[in-house]
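Working notes for the structure below.
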There are 2 protein chains.
Amino acid sequence: MNDATSALGALAHQGRLSVFRMLVQAGGEGLAAGEIARRLGTPPNTLSANLNILSHAGLVASRRAGRSIIYTADYERMGALLGFLVEDCCGGSPEICAPLALIAERAAACCVPGDRP
Amino acid sequence: MNDATSALGALAHQGRLSVFRMLVQAGGEGLAAGEIARRLGTPPNTLSANLNILSHAGLVASRRAGRSIIYTADYERMGALLGFLVEDCCGGSPEICAPLALIAERAAACCVPGDRP
DNA sequence: CATATATTTCCATTAACGTGGAAGTATGGA
DNA sequence: TCCATACTTCCACGTTAATGGAAATATATG
């Protein structure tokens with residue numbers, strides 16, 4: 001995965017990070033571009049450009065529904081990015097594991113079904 | 001942590017990502033700027049600029065040793081960045097946990113002392 | 001002090017990013 | 001067909017990033 005930089009670059013922007021967070025929260029249903037623009041107060045063309053960047057980085061996918069275009073976060077790609085970062089750090093040096101243990105625990109806790117009503 | 005974008009931006013560059021990986025691998029001892037430049041074949045001034053960006057993002061620290069300046073990766077900061085990304089994703093939506101479980105397992109395995117001679 | 005080594009800072013140039021107005025394309029409804 | 005809605009693409013502008021040559025700074029050594 002040499003294009004980790006493209007994903008990192010896509011997220012290295014306050015507006016795009018907000019969009020991505022919103023889409024992750026929205027889940028599989030996703031959100032229409034206009035709805036995102038409305039919530040964030042971004043002009044539609046600016047948002048479109050940023051969605052395009054996220055899309056080229058593989059972090060979001062889009063489908064048409066009526067006259068809206070629905071964007072969804074690509075969990076697999078995000079997981080791959082995190083995997084790259086973690087392996088790149090943890091695989092290279094055990095010292096980094098102290099903070100990672102916390103993360104792992106949180107991730108494990110989040111996977112228990114039914115603990116989030 | 002609103003400055004996640006600065007850390008992401010610092011890593012969203014092929015050259016800087018290579019530098020950071022190298023420093024993580026180098027461990028607590030770190031590496032002199034010149035050594036990094038030599039290994040990567042980067043002109044010293046270009047490298048210096050990139051180290052400065054990584055430093056401002058909090059991802060590396062530096063100390064002087066003789067006439068060399070030794071750079072080290074800041075594990076805590078990197079852990080915080082990963083924590084932010086994971087919480088931002090996993091905390092918002094359980095669906096992302098599938099890929100994260102793998103990461104957690106790898107991170108846990110990497111923390112067992114003595115498995116890496 | 002003179003010199004060599006190690007890095008940084010200064011500077012100029014080129015490329016890329018971010019932004020939003022205006023026009024264009026697709027869909028749905030009267 | 002005509003119109004409204006929902007996005008996108010085109011374009012132009014200003015801002016920021018990336019690069020490396022040349023000079024400056026800091027340290028060590030003879």
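Residue numbering restarts at 1 for every chain, and letters A, B, ... go by the order of the sequence lines. Side-chain atoms are counted along with the backbone in the values below, which use heavy atoms only and exclude waters and symmetry mates.
Residue B/R38 is out of contact with every strand shown, counting any heavy-atom pair closer than 4.0 Å. Within 4.0 Å of B/L47, counting heavy atoms only, lies no atom of the nucleic acid at all. Looking at heavy-atom distances under 4.0 Å, B/A32 makes contact with sugar-phosphate atoms alone, never a base. Residue A/P43 is in sugar-phosphate contact alone, with no base atom involved, counting any heavy-atom pair closer than 4.0 Å across all strands shown.
Look at CD1 on B/I53: it is 7 Å from P on D/dA17, rounded to the nearest Å. Between A/E35 atom CD and D/dT5 atom P the separation is 16 Å, expressed in whole Å. D/dA18 atom C1' lies 16 Å from atom CG of B/L17, rounded to whole Å. The nearest whole Å value for the distance from the CG atom in A/N52 to the P atom in D/dT9 is 6 Å. Atom C1' of nucleotide D/dC11 and atom CG of A/N45 are separated by 11 Å, given to the nearest angstrom. Rounded to whole Å, the distance from CG on B/L40 to P on D/dA18 is 16 Å. Atom-to-atom, CD1 of A/I69 to P of D/dT5 comes out at 18 Å; the value is rounded to the nearest Å.
Taking 4.0 angstrom as the limit, A/S68 places a side-chain polar atom (N or O) nearer than this to OP1 or OP2 of D/dC7. For D/dT8, the OP1/OP2 oxygens have a side-chain nitrogen or oxygen of A/Y71 closer than 4.0 Å.
Formation of a donor-acceptor pair under 3.5 Å by the B/R39 side chain with backbone atoms of B/M22 is not found in this model. With A/D3 contributing its side chain and A/S6 its backbone, the two residues share no donor-acceptor pair below 3.5 Å. Although no hydrogens or angles enter the test, the distance criterion places a donor-acceptor pair under 3.5 Å between the side chain of B/R64 and the main chain of B/G66. Checked by atom type and distance alone, the side chain of A/R63 never pairs as donor or acceptor with a backbone atom of A/T72 at under 3.5 Å.
Linking ILVMFWY residues whenever their side-chain heavy atoms come closer than 4.5 Å, directly or via other members, leaves A/V19 and A/I53 in distinct clusters. A chain of hydrophobic side-chain contacts below 4.5 Å, direct or via other Ile, Leu, Val, Met, Phe, Trp or Tyr residues, connects A/F84 to B/L23.
When DNA chain C is scanned in the 5' to 3' direction for atoms under 4.0 Å from non-hydrogen atoms of chain B, the outermost contacting nucleotides are C/dA4 to C/dT9.
Between A/R64 and A/A49, the one whose closest nucleotide on DNA chain C sits nearer the 5' end is A/A49.
Side chains of A/L54 and A/L59 form a contact here, defined as non-hydrogen atoms less than 4.5 Å apart.
The side chain of A/R67 has D/dA6 as its nearest neighbour among D/dT8, D/dT27, D/dA6.
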